[in-house]
Amino acid sequence: MTTSWADSVDNSVIGSSDANAARPARSTYVPPHLRNKPPSSEPPVASHSSSLPANDRVNYGGPTAGSRGGGSYNRPDHGRQEYGYSGRTGGGWNNRGGGWDRGREREVNPFEDDEATDHAFGEQENTGINFDAYDDIPVDTSGENVPPPVNTFAEIDLGEALNHNIRRCKYVKPTPVQRYAIPISLAGRDLMACAQTGSGKTAAFCFPIISGILKMQHVQRPRIGRTAFPLALILSPTRELSCQIHDEAKKFSYQTGVKVVVAYGGAPINQQMRELERGVDILVATPGRLVDLLERARVSLQMIRYLALDEADRMLDMGFEPQIRKIVEQMDMPLQGLRQTMLFSATFPKEIQRLASDFLSNYVFLAVGRVGSSTDLIAQRVEYVLESDKRSHLMDLLHAQRENGIIGKQGLTLVFVETKKGADALEHWLCLNGFPATSIHGDRTQQERELALRSFKSGNTPILVATDVAARGLDIPRVAHVVNFDLPNDIDDYVHRIGRTGRAGKMGLATAFFNDNNFSLAKPLADLMQEANQEVPAWLTRFAARASYGGGNRNRRSGGSRFGGRDFRRDGQHNKGPEYYGGTGGYGVPASYGGGYGPPGVASAWD
DNA sequence: AAAAAAG
């Protein structure tokens with residue numbers, strides 16, 4: 001077992017260098033008692049933003065500037081029927097990049113960026129998911145007549161165009177969550193799916209949606225004013241995550257004729273409305289902007305066949321639940337049973353499962369992997385650090401990383417803090433001390449947020465200070481280290497934060513700064529680490545013991561099965577009838593779930 | 001208590 005975090009980064013994340021070599025002088029390190037001296041010789045890299053390529057990506061994910069006056073304004077094509085692969089993909093398509101965007105019909109090749117990235121970062125990095133990392137992990141399903149899993153994409157009839165795109169994405173075989181979720185979803189079943197961070201959930205709900213839309217041959221969509229009638233709606237809790245899902249969905253639906261549009265706040269709504277007018281099959285959105293569009297009658301949900309909530313537990317927690325209820329229950333969305341609903345997350349607390357069952361009809365519950373963390377893939381460290389020592393402690397980590405060559409394009413560091421102000425302050429301080437950092441949080445403009453994320457991803461600014469806005473879902477390759485500078489109060493948030501590393505089968509490191517303020521997290525954190533086969537420091541175990549014994553344990557999971565990796569319907573006290581899962585659904589759901597109540601031993605992996 | 005999400 002390695003003892004120093006630097007060793008473990010060395011072994012697990014990036015190639016090798018001699019971690020035990022004498023440390024070179026720390027040109028930029030200022031010990032705490034000398035911190036008021038002028039900053040070091042190394043410039044604080046303030047110019048990173050201006051050095052970004054100007055054509056990096058279209059702002060706000062909208063259409064390219066050139067398409068603005070394109071004359072498509074009066075030609076909504078909501079009623080378009082051409083979903084076959086043959087109709088639109090034959091001749092006529094010119095997907096070579098670089099030229100001016102002249103026609104509204106032109107579809108940008110979403111794979112070009114990736115190919116460029118592959119070259120920039122060397123061969124190894126982008127060979128797709130390391131599937132072997134997901135072998136042999138526990139899977140638990142419950143519900144009536146659960147469709148069996150598949151082992152290969154070839155076994156599923158996703159259609160040739162989609163299969164081609166899957167190959168272009170370099171997905172060789174489905175991840176476990178995909179093996180189970182895709183057949184369930186193709187069978188038309190509602191689904192609540194729990195799967196580890198970074199295990200391919202986006203594709204798991206996108207493939208069936210795209211495939212389902214391609215098979216819908218004769219959908220007549222109304223033409224009413226400038227209202228768009230999407231067939232699928234994907235909701236997510238942050239703007240950047242919606243953007244990311246949109247980008248992924250565009251890849252999967254490339255040259256299929258299926259149109260994907262994204263709508264989120266902080267960006268000009270007019271551009272998004274124009275995109276919608278040009279036709280939309282799959283709408284990816286954040287809740288606030290969608291409500292806005294619904295109220296303006298620019299979007300109608302009456303044709304929705306597929307509803308997917310990513311980070312579903314987050315979408316149904318206190319902050320979001322009213323908006324989600326409004327969208328799902330109080331607008332013109334078809335009732336459950338008439339649409340297909342899929343909920344995905346890495347965490348699913350029982351009380352949220354209970355809420356969620358309002359939206360589902362005779363659903364399958366699926367839990368893949370030890371819900372919580374990618375166990376072996378993320379090395380977790382906890383260090384006891386007083387508030388007053390956090391900055392210098394972080395500095396120590398960063399200097400050691402720099403010496404190991406783990407700062408820069410090959411190794412990004414994501415630092416989580418509790419508050420927006422704290423994020424600004426830490427970013428500023430890191431820059432002053434010679435570490436190229438940027439930040440992302442809800443007080444920054446959307447442009448700043450997207451620039452920060454791009455700059456981080458590209459390695460231009462290899463340190464990102466973030467609030468929980470970046471905790472969920474974001475897939476940032478090459479994040480080698482997640483630092484919980486401030487720990488969250490909720491263990492689920494911790495799980496999602498550290499899940500920004502160790503993705504797609506690659507290894508990662510997570511370091512947490514713990515002190516007395518985090519007392520209430522001691523027990524769940526110690527439990528989680530133990531379950532993930534991580535070394536739990538003795539002092540943390542002592543904290544945990546005190547916490548569970550005194551009144552300090554207000555964690556909702558204490559005593560019950562942890563990590564939400566279990567269908568709440570299987571817990572005795574919830575097992576009292578159909579009111580929990582579809583009272584208003586069109587289907588008379590029987591009080592019993594058939595296969596849902598397996599022998600008690602089946603769920604042991606989750607206890 | 002904080003963060004996110006509409007403007």
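Per chain, numbering begins at 1; letters A, B, ... match sequence-line order. The basis for the numbers below is simple: all heavy atoms, side chains too, and nothing from hydrogens, waters or symmetry mates.
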### Query
Salt bridge between A:Arg354 and A:Glu351, side-chain N to carboxylate O under 4.0 Å?
no
### A:His441, nearest nucleotide to its side chain (from B:dA5, B:dA4, B:dA1)
B:dA4
## Note on the structure
Atom CG of A:Asn270 and atom P of B:dA6 are separated, to the nearest Å, by 16 Å
### Query
Would you say a side-chain N or O of A:Arg449 is under 4.0 Å from OP1 or OP2 of B:dA5?
yes
### Task
Write down the distance between NZ (A:Lys421) and C1' (B:dA3), rounded to a whole number of angstrom.
15 Å
### Message
Less than 6.0 angstrom separating the ring centers of A:Phe365 and A:Phe348, yes or no?
### Response
no
### Query
Rounded to whole angstrom units, what separation is found between the CG atom of A:Asp443 and the C1' atom of B:dA6?
15 Å
### Task
Give a yes/no answer on whether the side chain of A:Lys420 brings an N or O atom under 4.0 Å of OP1 or OP2 in B:dA4.
yes
### Query
So which pairs with a foot in residues 193-203 of chain A pass salt bridge (Lys or Arg N to Asp or Glu O under 4.0 Å), sequence neighbours left out?
none
### Query
How many Å lie between CD on A:Glu240 and C1' on B:dA5, as a whole number?
11 Å
### side-chain contact (heavy atoms from CB on, under 4.5 Å) involving A:Ala471 - partner list, sequence neighbours excluded
A:Phe416, A:Asp468, A:Arg497
### Task
Could you check how far CG of A:Asp292 sits from P of B:dA5, rounded to whole Å?
15 Å
### Query
Expressed in angstrom and rounded to an integer, what is the separation of A:Phe320 atom CZ from B:dA4 atom C1'?
5 Å
### Message
Is A:Thr419 close enough to B:dA1 that one of its side-chain N or O atoms is under 4.0 Å from OP1 or OP2 there?
### Response
no
### Query
Between B:dA5 and A:Arg239, is there an OP1 or OP2 to side-chain N/O distance shorter than 4.0 Å?
yes
### Message
Considering every strand and a 4.0 Å limit on heavy-atom distances, what is the contact class for A:Gly265: base, sugar-phosphate, or nothing?
### Response
sugar-phosphate
#### Entry: Distance (rounded to the nearest 0.5 Å) between A:Arg472 CZ and A:Arg314 CZ
6.5 Å
### Query
Please give, in whole Å, the distance from B:dA5 C1' to A:Glu321 CD?
15 Å
### Message
With a 4.0 Å limit, can you tell me whether A:Thr286 has a side-chain N or O closer than that to the phosphate oxygens OP1/OP2 of B:dA6?
### Response
yes
### Message
Whether the side chain of A:Arg314 and the base of B:dA4 hold a donor-acceptor pair under 3.5 Å is what I'd like checked.
### Response
yes
### Task
Could you tell me the separation between the CG atom of A:Asn518 and the P atom of B:dA1, rounded to a whole number of Å?
17 Å
### Message
Would you say A:Arg296 places a side-chain N or O within less than 4.0 Å of OP1 or OP2 belonging to B:dA6?
### Response
no
### Summary
A:Glu295 has its side chain closest, among B:dA6, B:dA2, B:dA4, to B:dA6
